[in-house]
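See below for the structure under consideration.
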There are 2 protein chains.
Amino acid sequence: MNLYSANSLKVELNQRGCRLTPQRETILSVFQNLRQGNHLSAEELYNILHNQREKIGLSTVYRTLHLLARIGILRELELAEGHKHYELNLPDMHHHHHHLVCIQCHKTFEFSDESILKIGKKQVEKAGVELLDCQLTVRAVCLEALREGWPSMVPSNWSCPRSHSEMEDEIS
Amino acid sequence: MNLYSANSLKVELNQRGCRLTPQRETILSVFQNLRQGNHLSAEELYNILHNQREKIGLSTVYRTLHLLARIGILRELELAEGHKHYELNLPDMHHHHHHLVCIQCHKTFEFSDESILKIGKKQVEKAGVELLDCQLTVRAVCLEALREGWPSMVPSNWSCPRSHSEMEDEIS
DNA sequence: TTGCTTGCAAAAATTTTGCATCTAG
DNA sequence: CTAGATGCAAAATTTTTGCAAGCAA
């Protein structure tokens, strides 16, 4: 599962006049160890690092997330929760996936579909630009919310009873 | 092009115990008059309203955008510019479209592909949830940025020389 | 009337930046 | 050494909220 070794990261960075610092290495390793299907916000990553007794400033976290996303190592997800989430970018057909998210409780499901990347590649070619990422986001309302009588009966902060088991230090 | 009349908006709102206010009507009309392919952030919408001498508070703008997106009248776009954008949600095959965006200069291209909505519908059915929106976002780097030597040679605030003609009061 | 809405200002949440200091190459 | 990176605190951006007053149904 080690898709980017510290060394290949170093090469990537040095090619662009950037440096491999312990902070960057640590942050990448958090993503490497994240179980498939999870993604982190800057704040969540920062908390994980703190739980691991790593001293990395929040601004460094933000700067590193940007850098790695720009390089193409991370993928930026916009799941409409008020902040971006990040995950490893695995552009090969095998790992490439997309998201279905409930706009009420933010539960997310992953799915794969090879034809999407093909469509993205076609468009990119037509526009004469270079592909970085291609993600389908399906917004929906979950069964539980519908059962509660969404949308009229569901207060905007309502969330599935069971869905409160999330993140913070979810490294497998 | 009048897809939602004031009256059908009223019905939609009243069904959910909400009211049709002049502010909501005005905001919807801005989107109706926006030329196809444009989308607005809360701030941009607020400015347009001001230019039209409408007195609508920024919080009302935010509240209305949320409401209309929740109802399914607007579509929330996440084009990675630091804030959400909104456009009319036209879920029929004919108007449904997707976005290709340059992460460097934020230029966006629209495209249609019927198979995407089909994929979304399939996933939604499988997950047993109700579809609200289905959008493919392709992130790429534009030709101009590549020519400048992206990524190593391009400062992160660089933008295509010509691409500075945007928004603010772009109503056609 | 009643309870949903608004506008304002204040607060919250998220992200960015300036700068002195540190460090990878 | 030297340009890039860090950490902190301060600032900027974007969005949300409390509350008194207004207005749609």
Rounded to whole Å, please give me the gap between [atom1] in [X] and [atom2] in [N].
{"X": "N47(B)", "N": "dT14(D)", "atom1": "CG", "atom2": "P", "value": "11 Å"}
{"X": "E25(B)", "N": "dA24(D)", "atom1": "CD", "atom2": "P", "value": "11 Å"}
{"X": "Q15(B)", "N": "dA25(D)", "atom1": "CD", "atom2": "P", "value": "14 Å"}
{"X": "K84(B)", "N": "dA13(C)", "atom1": "NZ", "atom2": "P", "value": "15 Å"}
{"X": "E78(B)", "N": "dT14(D)", "atom1": "CD", "atom2": "P", "value": "14 Å"}
{"X": "E12(B)", "N": "dC4(C)", "atom1": "CD", "atom2": "C1'", "value": "18 Å"}
{"X": "R16(A)", "N": "dA5(D)", "atom1": "CZ", "atom2": "C1'", "value": "17 Å"}
{"X": "I27(A)", "N": "dG7(D)", "atom1": "CD1", "atom2": "C1'", "value": "13 Å"}

Stretch residues 65-72 of chain B: residues that reach within less than 4.0 Å of DNA chain D through a heavy atom: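 Hits under 4.0 Å, by residue number: H66(B).
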Scan side-chain atoms only and decide if [X] and [Y] contain a donor-acceptor pair under the 3.5 Å cut-off.
{"X": "R70(A)", "Y": "Q104(B)", "answer": "yes"}
{"X": "N7(A)", "Y": "S5(A)", "answer": "no"}
{"X": "E87(A)", "Y": "H97(A)", "answer": "yes"}

Could you tell me whether [X] and [Y] make a salt bridge, using a distance below 4.0 angstrom between a side-chain N and a carboxylate O?
{"X": "K10(B)", "Y": "E25(B)", "result": "no"}
{"X": "E144(A)", "Y": "K107(A)", "result": "yes"}
{"X": "R16(B)", "Y": "E12(B)", "result": "yes"}

5' priority, DNA chain C, between E43(A) and L20(A) [closest heavy atom]: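 First, find each residue's nearest nucleotide; the 5'-ward one identifies E43(A).
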Donor-acceptor contact present, side-chain R24(B) to main-chain R19(B), <3.5 Å: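 Such a contact is found between R24(B) side chain and R19(B) backbone.
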H39(B) and H99(B) aromatic ring geometry - parallel, tilted or perpendicular at 30°/60° bounds: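 H99(B) and H39(B): perpendicular rings.
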Using only side-chain N and O atoms of [X], determine if any of them is under 4.0 Å from OP1 or OP2 of [N].
{"X": "Y62(A)", "N": "dT15(C)", "answer": "yes"}
{"X": "T21(B)", "N": "dC4(C)", "answer": "no"}
{"X": "R24(B)", "N": "dT6(C)", "answer": "yes"}

Among dT14(D), dT14(C), dT2(D), the nucleotide that comes nearest once only the side chain of H83(B) is considered: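 Of the candidates, dT14(D) comes closest.
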Whether over 12 other heavy atoms sit under 6.0 Å from Q15(A) CD: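 Check passes, neighbour count above 12.
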Candidate pair L100(B) and V129(A), rule side chain to side chain contact (heavy atoms under 4.5 Å, CB included), full reasoning: CA-CA 10 Å; L100(B) 189 165; V129(A) 299; 3.9 Å; yes
So which protein N/O to nucleotides 7-10 of chain C N/O distances come out below 3.5 Å?
residue : atom : partner : partner atom : Å
dG7(C)  : OP1  : Q23(B)  : NE2          : 3.2
dG7(C)  : OP1  : K55(B)  : O            : 2.7
dG7(C)  : OP2  : G57(B)  : N            : 3.0
dG7(C)  : OP2  : T60(B)  : OG1          : 2.5
dG7(C)  : N7   : R63(B)  : NH2          : 2.7
dG7(C)  : O6   : R63(B)  : NH2          : 3.4
dC8(C)  : N4   : S59(B)  : OG           : 3.1

Difference in axis direction between the ends of the helix from dT1(C)-dA25(D) to dG25(C)-dC1(D), five pairs, 10°: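 So the angle between the two local helix axes works out to 50°.
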Spatial distance of atom OG1 (T137(A)) from atom NE2 (H98(A)) [nearest 0.5 Å]: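 That separation rounds to 9.5 Å.
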Chi angles and distances behind the ring pair (Phe, Tyr, Trp, His ring centres under 6.0 Å) call for Y62(A), H66(A): CA-CA 6 Å; Y62(A) 274 103; H66(A) 275 154; 7.1 Å; no
